[in-house]
2 protein chains.
Amino acid sequence: MAARDSNPNFMNGVPELLILRLLQQEDMYGYEIVQAIRSRTDAVIAVGEGVVYPVLHGLERDGAITSRRRTVNSRSRIYYSVTSAGSHRLADLSEAWTNLAAAIQEMLTGGQREQVIL
Amino acid sequence: MAARDSNPNFMNGVPELLILRLLQQEDMYGYEIVQAIRSRTDAVIAVGEGVVYPVLHGLERDGAITSRRRTVNSRSRIYYSVTSAGSHRLADLSEAWTNLAAAIQEMLTGGQREQVIL
DNA sequence: TGCAATACCTTGAACCTCGAGGTATTGTGG
DNA sequence: CCACAATACCTCGAGGTTCAAGGTATTGCA
């Protein structure tokens, strides 16, 4: 079957990665996550609500996070918490991202041919 | 009008970035590029021909690279070279990527709240 | 009362990438 | 001589993401 190599869509899941990471540090709700990503990256990354909410629903469906409704300051919000499964998923995504970023960085900077010394 | 912010599809164009980078170091042909990306990243990144060829055609259409047919070892190949416009484009993409990677890295590692000291 | 901010959500279009398939040529083993 | 693998080019359809925009509802303030 032609050996399935290539990457599982290497770039995907960055929003998911960031969301899981934020939730691991602190329970948050969707609207807050949108702003947190923007402010913590100095607007380098800015995902819209149209990205965040579907990702949250998907993560919950997969059991990576759980939700509970809470009212704070007379505001009804849905807070999300990372489950242990979600924590594991975060670790995987995080490692995948690190490998990817390192590979690209290597291509961008270390251009010079090197001889492999045995 | 909600202020158009957000990123221009922040993840896209990684294949384009890598291809331009390779071509800046050395003229190459499509088939060679596919293998170069795989081998130089230790298969961490592996883009198929279905990605590379369309990108090459797009870059050429935009004047970022030029092509010329050459026969080497009785093999007919289309070699691509980066133009000055392409070089500029590479610089832009490269910087954008660096910013993005730094922002994500910051989110993944530097999680702890810090007080800004004035 | 009206408007901005908070807070949730969905949808359609646009864009990429993947995987598979198609053509043609060259070199090699049987 | 033939078949097959490797080289080398290319295109297409399916699937998955992201974006931008819009929709609903509540709260607080002028």
Separation of C:dT6 atom P from A:R38 atom CZ, nearest Å, is 12 Å
From CD of B:Q35 across to C1' of D:dA6 the rounded distance in Å is 10 Å
For B:R21 and A:M107, the nearest pair of non-hydrogen atoms, with its separation, is NE-O, 2.9 Å
When rounded to whole Å, the CD1 to C1' distance for the pair A:I37 and D:dT18 reads 13 Å
- Verdict with supporting geometry, A:E16 and A:L93, side-chain contact (heavy atoms from CB on, under 4.5 Å): CA-CA 9 Å; A:E16 182 178 318; A:L93 286 175; 3.4 Å; yes
**Asked** Any side-chain heavy-atom pair from A:I19 and A:M28 closer than 4.5 angstrom?
**Response** no
*Can B:V72 and B:R77 be said to form a side-chain contact (heavy atoms from CB on, under 4.5 Å), step by step?*
CA-CA 7 Å; B:V72 180; B:R77 302 167 176 167; 3.7 Å; yes
### Message
Need one value for A:G30: base, sugar-phosphate or nothing, where a base atom within 4.0 Å counts as base even if backbone is also close, heavy atoms only.
### Response
sugar-phosphate
So, with a heavy-atom separation below 4.0 Å from DNA chain C, the residues of residues 70-79 of chain A are A:R75, A:S76, A:R77, A:I78
Taken to the nearest whole Å, CD/B:E49 to C1'/C:dT17 is 14 Å
B:E32 atom CD is separated from D:dC10 atom P, nearest whole Å, by 15 Å
Between B:L108 and A:W97, is any pair of side-chain heavy atoms under 4.5 Å apart? yes
Could you pull out all donor-acceptor pairs under 3.5 Å where a side-chain atom in residues 42-63 of chain B meets a protein atom, sequence neighbours excluded?
{"residue": "B:Y53", "atom": "OH", "partner": "B:Y31", "partner atom": "N", "Å": "3.4"}
{"residue": "B:H57", "atom": "ND1", "partner": "B:Y53", "partner atom": "O", "Å": "3.3"}
{"residue": "B:E60", "atom": "OE2", "partner": "B:S67", "partner atom": "OG", "Å": "2.6"}
{"residue": "B:D62", "atom": "OD2", "partner": "B:R89", "partner atom": "NH1", "Å": "3.3"}

Closest non-hydrogen contact found for A:Y80 with A:L23 is O-CD2, 3.6 Å
Check: Can a side chain N or O of A:Y31 be found less than 4.0 Å away from OP1 or OP2 on C:dC8?
Finding: no
query: So, do A:S76 and A:R69 sit near enough that their side-chain heavy atoms are less than 4.5 Å apart?
result: yes
(request) Please lay out, stage by stage, how B:E106 and A:T41 fare under the test side-chain contact (heavy atoms from CB on, under 4.5 Å). (result) CA-CA 8 Å; B:E106 169 64 21; A:T41 64; over 6 Å; no
Rounded to whole Å, the CZ-P distance (B:R69 to D:dT7) equals 18 Å
Residues in residues 52-64 of chain B with a heavy atom under 4.0 Å of DNA chain C, by number, are none
Atom OH of A:Y29 and atom P of C:dA5 are separated, to the nearest Å, by 15 Å
A:L18 CG to D:dT17 C1', in whole Å, measures 15 Å
